[in-house]
Peer 1: 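What follows is a structure written as structure tokens; I'll ask about it next.
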Amino acid sequence: MKWNTEKVNILKDRYAFANLDELANELGATTKAVIRKAQKLKLYRAKNNQIFNDYKFCSLCQKEHHISEFYRNRSKYDGYEYYCKKYYLTKNNTTPPLSLKGASTTEIRANTTETRANTTDYVETRPRNPVVTINGVVGKICNSCKEFKPLDDYARDKYGYAERKATCKLCYKIRYSKKKVE
């Protein structure tokens, strides 16, 4: 096959993103011939999520789009999401409200978590043992003995709720003294 300047220009313009079979048919060559010519011209295929001439490849819909079709995300190396807006929404099962059109991903995620938390069927995964004040005494209910005790009766735990253990010191001591005996 003879490569004229018109075909070489088409190859240069479309090689990064185009489907190789379709490009080969358009140029009237085999796929191998297209690849060989591109290698001689030192052309490279676009890897997923690279930007060329303000166009980026969406790995879900397998098409190239202008970068305006991608949500901005500063945490990604090129500053844009991996999927185009249309497929990003279907991938994450979210629909941004009208106020968030063109918003960053973190704003959309924050808004959807807020919405989930406000729905009636939302159930907290880890029920908390809240700190309550009864008759001027600040305390909570022990998970083992189910009695209300002041916060001083609970050991400190920087990862626990209100920075206290869930069980009181007495129940904790009883539980672990039994384990040592056995």
Side-chain angles (χ1 to χ4, degrees), residues 3 5-131 140 156-166:
W3 288 90
T5 54
E6 184 183 331
K7 289 183 180 182
V8 170
N9 288 336
I10 292 172
L11 182 65
K12 284 180 180 177
D13 288 341
R14 303 219 20 241
Y15 183 73
F17 291 107
N19 182 340
L20 288 179
D21 294 329
E22 291 174 7
L23 185 60
N25 287 339
E26 184 180 331
L27 295 172
T30 63
T31 308
K32 267 190 174 180
V34 169
I35 293 171
R36 264 192 243 116
K37 186 63 176 178
Q39 287 173 342
K40 285 179 183 174
L41 295 171
K42 295 188 179 175
L43 300 176
Y44 297 100
R45 298 274 299 157
K47 293 179 183 172
N48 286 351
N49 310 315
Q50 280 185 335
I51 298 175
F52 282 110
N53 299 331
D54 291 339
Y55 281 88
K56 182 176 168 151
F57 185 77
C58 174
S59 55
L60 276 181
C61 66
Q62 299 293 316
K63 293 180 183 172
E64 68 176 298
H65 302 284
H66 191 266
I67 54 174
S68 64
E69 292 296 313
F70 293 86
Y71 284 114
R72 298 277 305 163
N73 187 344
R74 287 188 214 159
S75 67
K76 308 296 185 219
Y77 76 95
D78 63 356
Y80 293 92
E81 279 298 334
Y82 295 133
Y83 314 118
C84 63
K85 288 180 180 179
K86 178 182 174 187
Y87 283 90
Y88 178 81
L89 299 176
T90 58
K91 174 102 173 128
N92 293 312
N93 291 329
T94 58
T95 50
L98 294 174
S99 62
L100 288 179
K101 289 261 183 194
S104 71
T105 322
T106 48
E107 291 171 328
I108 291 171
R109 285 189 186 133
N111 189 276
T112 51
T113 2
E114 238 177 65
T115 310
R116 286 185 196 135
N118 293 336
T119 57
T120 53
D121 59 344
Y122 177 78
V123 177
E124 193 175 342
T125 53
R126 270 181 68 196
R128 300 292 187 175
N129 192 350
V131 177
K140 63 183 201 171
R156 286 198 171 274
D157 179 15
K158 69 177 183 178
Y159 300 112
Y161 188 68
E163 295 186 0
R164 301 291 177 161
K165 295 249 184 228

Peer 1: When rounded to the nearest 0.5 angstrom, what distance separates CG in N25 from CG in L20?
Peer 2: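 Reported to 0.5 Å precision, the distance equals 11.0 Å.
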
Peer 1: State, with a plain yes or no, whether a side-chain heavy atom of R72 is found less than 4.5 Å away from one of Y80.
Peer 2: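 A side-chain contact under 4.5 Å exists here.
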
Peer 1: Which heavy atom of V131 sits nearest a heavy atom of K140, and at what distance?
Peer 2: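 Closest pair (atom of V131, atom of K140, distance): CA-CB, 4.3 Å.
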
Peer 1: Which pairs of donor and acceptor atoms, one on a side chain in residues 27-43, lie under 3.5 Å apart (sequence neighbours left out)?
Peer 2:
residue	atom	partner	partner atom	Å
T30	OG1	A33	N	3.2
T31	OG1	D21	OD1	3.1

Peer 1: Kindly write out the residues that satisfy salt bridge (Lys or Arg N to Asp or Glu O under 4.0 Å) with E22, not counting sequence neighbours, or none if the list is empty.
Peer 2: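 Listed in chain order: nothing, the list is empty.
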
Peer 1: Could you tell me which non-hydrogen atom of R164 sits nearest to which non-hydrogen atom of R156, and how far apart they are?
Peer 2: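 In terms of heavy atoms, the two residues are closest at NH2-NH2, 3.5 Å.
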
Peer 1: Roughly how far, to the nearest 0.5 Å, is NZ of K56 from CZ of F70?
Peer 2: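 Rounded to the nearest 0.5 Å, the CZ-NZ separation comes out at 5.5 Å.
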
